[in-house]
Amino acid sequence: MPKKISLTRYLVEQQRMEGHIPPELRLLLEVVARACKRISQAVSKGALGDVMGSAESENVQGEMQKKLDIIANEVLIEANEWGGHLAAMASEEMEGIYVVPNRYPQGEYLLMFDPLDGSSNIDVNVSIGTIFSVLVKPEGAGVSEQDFLQAGSKQVAAGYCVYGPQTTLVLTVGDGVTVFTLDREQGSSILTEEDLRVPDDTKEFAINMSNQRHWAAPVTRYINECMQGRDGPRGKDFNMRWVGSMVADVHRILTRGGIFMYPWDKREPEKAGKLRLLYEANPMSWLIEQAGGSATDGKQRIMDITPAKLHERVSVFMGSKNEVERVTRYHSEA
Ligand code: P6P
């Protein structure tokens with residue numbers, strides 16, 4: 001167990017002693033963590049807080065918004081817009097970018113987020129979360145959507161906060177993966193794990209099996225071999241988990257290994273996949289890679305993809321290195 005220090009102290013030490021984090025990035029991460037704490041408090045109220053159910057509106061993805069989707073988005077915007085560390089923000093819940101208003105100082109960072117991932121689980125009290133990613137705005141006056149269209153390898157910070165039995169913030173700035181657990185009595189996030197490692201091998205896969213008839217052949221081959229267990233070519237039995245919240249599934253994989261898959265399928269062949277590249281796949285890919293795992297779209301490293309648009313979707317295979325490499329190899333063999 002690492003020394004029990006707060007997120008603030010950890011970030012100050014990373015800034016002062018390690019030189020990893022410039023002051024503005026430290027401020028950004030502290031503000032995001034504080035916003036996640038507020039979202040956690042709203043989530044935990046449930047039916048007592050008039051935060052459940054549908055907002056009777058659709059987001060840019062054409063998905064029905066939950067009240068908490070909108071609340072979480074507003075909390076993140078309001079917490080970050082005045083601090084002087086950001087030039088603009090982008091969110092799953094907003095069609096265009098949100099440029100920091102002129103009444104506030106502009107910074108050099110770009111913040112992207114899925115404010116409440118897995119919101120279909122809100123009303124049934126299953127873990128959900130916030131995912132965020134940070135880029136540096138390219139040189140030049142002003143800020144535009146084009147500035148956000150950078151490969152995931154350009155990220156300077158990424159993380160998520162999972163609102164489950166514990167509220168846990170998981171973070172990387174390129175020097176491993178660090179875990180902070182919210183101490184509700186103190187009101188601060190306490191360092192509980194450093195340098196998380198994803199085991200290279202696993203016996204657990206995460207995929208929505210109800211889509212099986214729509215998958216491409218390499219995915220069908222991979223899953224069929226897992227389902228054959230010890231009697232099949234894998235020579236071992238597998239288990240399956242699917243929470244329906246990427247944050248919860250990825251947190252489990254970072255904690256005990258596994259492979260998370262949301263592949264392209266025939267239902268909407270024009271879409272590369274369901275998940276979004278900028279504020280879901282890229283931050284999760286960096287965390288997984290920083291913990292020794294792999295993340296591809298079935299053909300290439302997710303973090304090598306240069307986005308063509310803000311809400312670009314991508315096929316996702318991420319987790320234990322040897323499993324991701326196997327299913328990716330099946331794609332190249334197909
Ligand atoms: P399905 C949540 O809506 C999400 O974007 C991810 O968090 C989750 O892994 C996936 O979609 C679940 O999708 O099709 O199984 O409901």
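Everything numeric in this text was worked out from a predicted model, so none of it was measured. Both counts, for ligands and for their atoms, begin at 1 and track the order of listing.
Ligand 1 has at least one atom lying under 4.0 Å from a heavy atom of Ser245.
For ligand 1, the polar-atom distance check against Ser120 finds no nitrogen or oxygen pair separated by under 3.5 Å. Note: an N/O pair closer than 3.5 Å links Asn208 and ligand 1 by distance alone.
Few gaps surround CD on Glu270; more than 12 heavy atoms of other groups in view lie less than 6.0 Å from it. In Arg329, the CZ atom is crowded: over 12 heavy atoms of neighbouring residues, nucleotides or ligands sit closer than 6.0 Å.
The aromatic ring centres of Phe260 and Trp242 sit less than 6.0 Å apart. The aromatic ring centroids of Phe180 and Tyr10 lie less than 6.0 Å from each other.
A salt bridge is defined here as a Lys NZ or Arg NE, NH1 or NH2 lying under 4.0 Å from an Asp or Glu carboxylate O, and Arg267 with Asp265 meets this definition.
Within the 4.5 Å cutoff, side-chain heavy atoms of Arg241 are placed close to those of Arg252.
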Step by step, work out the side chain to side chain donor-acceptor pair (under 3.5 Å) result for Thr8 and Glu30. CA-CA 7 Å; Thr8 300; Glu30 285 196 84; 2.7 Å; yes
Would Ser294 and Arg301 count as a side chain to side chain donor-acceptor pair (under 3.5 Å) here? Give the steps. CA-CA 8 Å; Ser294 295; Arg301 182 174 176 249; over 6 Å; no
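Heavy-atom proximity to Glu280, at under 4.0 Å, picks out these atoms of ligand 1: 5 (O). Applying the 4.0 Å criterion to heavy atoms of Phe260 picks out, from ligand 1, the atoms 9 (O). Close contacts of ligand 1 with Gly244, meaning ligand atoms under 4.0 Å from a residue heavy atom, involve 2 (C), 7 (O), 8 (C), 12 (C). Near Trp242, with a cut-off below 4.0 Å to any heavy atom, the atoms of ligand 1 are 9 (O), 12 (C), 15 (O). The distance from ligand 1 to the heavy atoms of Met246 drops below 4.0 Å at these ligand atoms: 6 (C), 7 (O), 8 (C), 9 (O).
The side chain of Leu275, and not its backbone, has at least one atom closer than 4.0 Å to an atom of ligand 1 (non-hydrogen atoms only; side chain from C-beta on).
The residue among Lys274, Arg267, Met284 with a heavy atom at the shortest distance from atom 11 (O) of ligand 1 is Lys274.
Among protein heavy atoms, atom 14 (O) of ligand 1 sits closest to Tyr262 OH, 2.6 Å.
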